[in-house]
Amino acid sequence: MRNFLSGLVGKIRSFLYGRNGFDDLAKHSLIAALVLCIICGFIPRGIFQIVFSAISWALLIYSYYRILSKDIYKRVAENKKYIGEINIFKARWQQRKTHRFYRCPKCKTWLRVPKGRGKITITCVKCTTKFDKRS
Ligand SMILES: [Zn+2]
């Protein structure tokens, strides 16, 4: 039994060698897949259940695809981009009471302005386009 287990661990280890493994994006896709799967158990049969179930399966497959992928450089880059977006979202959420975020209509850069100043003219820091918004 002990030999069988250590043999199995060795086989799994050599199978996972050179693969991306369990990164944040894989973890979050797996959690989202499980949450959707649980939701599917509570909603009545119909189009929503089919759609939720399909999304849940897609996320599950995507998660395993990431874990088992051998193209580590691409997966690491995707994970890095994902973590960057999550950090931007967190920063915006923390500043939601003091600042507003607008996208420049020309170059699509995100701009942060203080809240509660009435109607203001925003100048884009990147392309100097001016546009009016309520802050
Ligand atoms: Zn701009």
Side-chain angles (χ1 to χ4, degrees):
M1 188 65 186
R2 204 184 160 84
N3 271 341
F4 171 75
L5 278 180
S6 65
L8 190 67
V9 167
K11 271 181 190 160
I12 291 169
R13 197 169 279 165
S14 64
F15 177 71
L16 289 175
Y17 182 78
R19 291 177 194 264
N20 185 46
F22 206 55
D23 61 9
D24 285 305
L25 194 46
K27 188 165 81 184
H28 294 169
S29 317
L30 195 63
I31 291 168
L34 289 173
V35 169
L36 278 176
C37 186
I38 292 165
I39 290 171
C40 279
F42 288 98
I43 56 176
R45 278 169 190 262
I47 189 73
F48 282 112
Q49 197 191 31
I50 293 166
V51 170
F52 275 41
S53 175
I55 296 169
S56 173
W57 273 104
L59 285 167
L60 188 72
I61 291 164
Y62 180 65
S63 180
Y64 277 91
Y65 162 75
R66 290 197 67 79
I67 292 166
L68 301 176
S69 173
K70 285 186 172 178
D71 196 349
I72 294 173
Y73 286 108
K74 260 189 185 168
R75 298 295 88 79
V76 167
E78 288 163 359
N79 195 51
K80 214 173 173 183
K81 194 177 170 203
Y82 172 71
I83 289 169
E85 275 165 23
I86 288 228
N87 286 339
I88 289 170
F89 183 79
K90 274 184 190 166
R92 265 187 213 160
W93 182 255
Q94 284 163 355
Q95 296 170 12
R96 72 191 184 280
K97 282 176 182 157
T98 54
H99 293 85
R100 274 182 174 251
F101 294 86
Y102 290 109
R103 214 159 205 188
C104 169
K106 199 178 170 193
C107 71
K108 308 294 177 203
T109 301
W110 280 103
L111 301 163
R112 189 184 74 158
V113 294
K115 224 172 181 178
R117 302 270 167 94
K119 199 170 183 183
I120 54 168
T121 301
I122 302 167
T123 308
C124 176
V125 288
K126 208 171 173 185
C127 67
T128 66
T129 300
K130 289 181 197 293
F131 58 101
D132 292 332
K133 285 281 179 195
R134 287 198 65 81
S135 71

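No experiment lies behind these values; they were computed from the predicted model shown. Counting starts at 1 for both ligands and their atoms, in listed order.
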Asks: For residues 33-58, tabulate all N or O donor-acceptor pairs below 3.5 Å that involve a side-chain atom, not counting sequence neighbours.
Replies:
| unit_1 | atom_1 | unit_2 | atom_2 | d |
| --- | --- | --- | --- | --- |
| Gln49 | NE2 | Cys40 | O | 3.0 |
| Ser56 | OG | Ala33 | O | 2.9 |

Asks: Under the criterion side-chain hydrogen bond (donor to acceptor under 3.5 Å, both in side chains), which of Lys74, Arg75, Lys80 is the partner of Glu78?
Replies: Arg75
Asks: Donor-acceptor pair, Arg66 side chain versus Tyr62 backbone, under 3.5 Å?
Replies: no
Asks: Enumerate the protein N/O/S atoms at a distance below 2.8 Å from the Zn ion (ligand 1), ignoring waters.
Replies: Cys104 SG, Cys107 SG, Cys124 SG, Cys127 SG
Asks: Check for a donor-acceptor pair, side chain of Arg134 on one end and backbone N or O of Gly118 on the other, with a separation under 3.5 Å.
Replies: no
Asks: Which residues satisfy the side-chain hydrogen bond (donor to acceptor under 3.5 Å, both in side chains) test with His28, sequence neighbours excluded?
Replies: Tyr82
Asks: Considering residues at least two apart in sequence or located in another chain, which fulfil the side-chain contact (heavy atoms from CB on, under 4.5 Å) criterion with Lys133?
Replies: Tyr102, Ile122, Phe131
